[in-house]
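Note on naming: letters A, B, ... go to the chains in the order of the sequence lines (proteins, then strands), and numbering restarts at 1 for each one.
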Protein chains: 2
Amino acid sequence: MPGPVSYTYEYPRPALTVDCVVFGLDDEDLKVLLIRRGVEPFAGRWALPGGFVRMEESLDDAARRELDEEAGIRPNHLEQLYTFGTPGRDPRGRVVTVAYFALVKLSDHVPHAATDARDAAWFSVWDTPKLAFDHVDVLGTALQRLKGKVRYQPIGFELLPPKFTLTQLQRLYEVILERELDKRNFRKKILAMDLLEELDEVEQDVSHRAARLYRFDHKKYKQLEKAGFNFEL
Amino acid sequence: MPGPVSYTYEYPRPALTVDCVVFGLDDEDLKVLLIRRGVEPFAGRWALPGGFVRMEESLDDAARRELDEEAGIRPNHLEQLYTFGTPGRDPRGRVVTVAYFALVKLSDHVPHAATDARDAAWFSVWDTPKLAFDHVDVLGTALQRLKGKVRYQPIGFELLPPKFTLTQLQRLYEVILERELDKRNFRKKILAMDLLEELDEVEQDVSHRAARLYRFDHKKYKQLEKAGFNFEL
DNA sequence: CGGCATAGTGTCCGGAACACACCCGGGTCA
DNA sequence: TGACCCGGGTGTGTTCCGGACACTATGCCG
């Protein structure tokens, strides 16, 4: 990609990057995707996937591009999280980063690495290695946001396979909200919303009574949303 | 402020600005602070106060500095809103802006302009002139955020004078949420939280029975918050 | 065929939301 | 000066919703 070797401005400008907090759900645990850095600064440390924003792309596009390049991930749900710009957060100089958070179905991304000759891996969000830059703060902010948002918007489904059992769904909420929920009340509430399509299928290969499978009805949700319906818990 | 006349980088960098959506509450109406632009682009148009981020200041500091410089405002409540970076949003080239939103007591800022030889004025949020850049989008996003946030965090008080009546408080919520509330229930709920200090004073100069004044108890709120209390509606 | 592991289900109670109507206090104006 | 007008401020009954709570059903496995 040839071009001029330098760019000159009248006033100094910070560098601009995007970083992505990608969440996935494994049985029993909420995971976050990390990349092992190959270059300084923080070579060898784990960090959130991300990189520099190009001049002709939007911030959202930059986040998607970096995710695809660094981990081969094309998330369904991606939203801007917060912008971190404290001077000194990057030893190379002033770097401002727009953080994003994404939700993916882990099942779609089991064999993770091998996409860019980099190490990429899923870690439990409660037990990550020491992170580069201020990425702990970014992760913390993302967790808070996820916790706050999952109760008022049906985004949790992005973490589950298309067909899931009510128990799986309940566990998802329990893991994210960090508290236990009553099975009967949970089912009553979620079914009362009439957003789940009950399928004529049950889970396979379990050594006990198989649970019925459900599917989230995006179309019905869009309708209800327009009509002023508010998803809650 | 003399210095080198140019800054050179190996890769192109977007310019970085901050813009602030400052809300104030007038009897009966939610207002937003706008500044008339003196220079191109969009000279003569109204716009949100804002400007370029300096290399040695944090984003929050930049927002506060610009607000002070352009309108003489030092808001109590200021928080980051969203970062807008679509290529083409500024005709001068790639400019990414970190938007903030702030709440102020209008009473503290009645005589607005005259601070920087610029025009500054409060407009009803439902009836603003045509704005420069993509500032309509920014304003829209800020309104949405305010609407969402006011129900779960006691930030509405930042818009009222220190001493206020319950009716004033109720009107605030009605204006922001764009729906009417039941007087009896509103009072019951807000008083039950035990966050308002009942004063031995009543409002003055009204042509009907004077209402009792209250004050928001920040200290008590901090305590309750730590104890896991959640403000709601 | 018995045991075990998870699926699936209904009821009751207390507090919150809501709708409804009346008295209070003070200023205004005839 | 007294009648009235305007919002301020309060009580109650009804309904609705969320939370607590425990047992039966089903299917696989040994």
Side-chain angles (χ1 to χ4, degrees), chain A residues 25-29 150-152 154 160-161 163-175 177-215 224 228-233, chain B residues 25-29 150-152 154 160-161 163-175 177-215 224 228-233:
Chain A
L25 190 76
D26 187 349
D27 299 320
E28 315 292 312
D29 227 342
V150 85
R151 295 190 47 209
Y152 303 105
L160 292 176
K163 301 172 181 183
F164 51 84
T165 69
L166 292 181
T167 303
Q168 279 180 295
L169 185 61
Q170 183 177 342
R171 279 230 222 300
L172 181 157
Y173 279 95
E174 288 179 336
V175 168
L177 299 175
E178 292 181 276
R179 64 190 166 93
E180 304 211 320
L181 301 173
D182 179 83
K183 183 163 61 153
R184 279 169 296 181
N185 294 334
F186 179 80
R187 282 160 185 255
K188 205 193 310 175
K189 211 161 172 179
I190 202 86
L191 290 176
M193 289 186 206
D194 201 28
L195 287 173
L196 298 186
E197 189 185 349
E198 183 174 335
L199 302 177
D200 286 326
E201 286 177 73
V202 293
E203 56 180 344
Q204 301 298 321
D205 303 318
V206 286
S207 67
H208 54 76
R209 176 175 174 185
R212 162 155 273 124
L213 292 172
Y214 291 82
R215 191 191 295 150
L224 288 173
F229 166 80
N230 279 322
F231 181 89
E232 190 172 338
L233 214 160
Chain B
L25 191 75
D26 187 349
D27 299 319
E28 316 291 312
D29 227 342
V150 86
R151 294 190 48 209
Y152 303 107
L160 292 176
K163 301 171 180 182
F164 51 84
T165 70
L166 292 182
T167 304
Q168 278 180 295
L169 185 61
Q170 183 177 344
R171 280 229 223 298
L172 181 157
Y173 280 95
E174 289 178 337
V175 169
L177 299 176
E178 292 182 276
R179 64 190 166 94
E180 304 211 320
L181 301 173
D182 179 82
K183 180 165 62 153
R184 190 65 190 91
N185 297 324
F186 179 80
R187 283 162 186 259
K188 210 191 305 175
K189 210 162 173 179
I190 202 89
L191 289 176
M193 289 186 206
D194 200 29
L195 287 173
L196 298 186
E197 187 184 350
E198 182 173 336
L199 303 177
D200 285 328
E201 286 178 73
V202 294
E203 56 179 344
Q204 302 296 322
D205 302 319
V206 287
S207 66
H208 53 76
R209 176 176 173 185
R212 161 156 272 121
L213 292 172
Y214 291 82
R215 193 192 293 149
L224 288 173
F229 165 81
N230 279 322
F231 181 90
E232 189 174 338
L233 212 163

Round to the nearest Å and state the distance from [X] atom [atom1] to [N] atom [atom2].
X        : N      : atom1 : atom2 : value
A:Ile190 : C:dT9  : CD1   : P     : 15 Å
A:Glu180 : D:dC21 : CD    : P     : 13 Å
A:Gln170 : C:dT6  : CD    : P     : 14 Å
B:Leu191 : C:dA17 : CG    : P     : 14 Å
B:Leu166 : D:dG9  : CG    : C1'   : 9 Å
B:Leu213 : D:dG9  : CG    : C1'   : 14 Å

4.5 Å side-chain heavy-atom contact, B:Leu169 and B:Leu196
yes
Does B:Tyr152 reach the side chain of B:Asn230, with side-chain heavy atoms less than 4.5 Å apart?
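Of all side-chain heavy-atom pairs linking B:Asn230 with B:Tyr152, none is under 4.5 Å.
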Counting primed atoms, P, OP1 and OP2 as sugar-phosphate and everything else as base, the B/S/- map of nucleotides 18-30 of chain C against protein heavy atoms under 4.0 Å is B-----BBSS---
Once you apply a heavy-atom cut-off of 4.0 Å, does A:Arg187 come out as touching a base, just sugar-phosphate, or nothing?
base
Base, sugar-phosphate, or nothing for B:Thr167, non-hydrogen atoms under 4.0 angstrom?
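Result for B:Thr167 = sugar-phosphate.
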Among residues 195-205 of chain B, which contact DNA chain D at a heavy-atom distance under 4.0 Å?
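Hits under 4.0 Å, by residue number: none.
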Does A:Arg187 have more than 12 heavy atoms from other residues, nucleotides or ligands lying within 6.0 Å of its CZ?
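Count over threshold, so yes.
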Nearest non-hydrogen partners of [X] and [Y], listed with the distance:
X        : Y        : answer
B:Leu191 : B:Tyr214 : CD2-CE2, 4.0 Å
A:Leu181 : A:Gln170 : O-NE2, 2.9 Å
A:Phe231 : A:Phe229 : N-CE2, 3.6 Å
A:Arg212 : A:Val202 : CA-CG1, 4.0 Å
A:Arg179 : A:Leu233 : NH2-CD1, 4.1 Å

Residue list, salt bridge (charged side-chain N to carboxylate O under 4.0 Å, His left out) with A:Lys188, at least two apart or on another chain
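Applying salt bridge (charged side-chain N to carboxylate O under 4.0 Å, His left out) to A:Lys188 gives none.
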For A:Asp29, check salt bridge (charged side-chain N to carboxylate O under 4.0 Å, His left out) against everything at least two apart and list the hits.
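Here no residue qualifies.
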Residue list, side chain to side chain donor-acceptor pair (under 3.5 Å) with A:Glu203, at least two apart or on another chain
none
Please list, pair by pair, any protein nitrogen or oxygen found under 3.5 Å from a nitrogen or oxygen in nucleotides 14-16 of chain C.
none

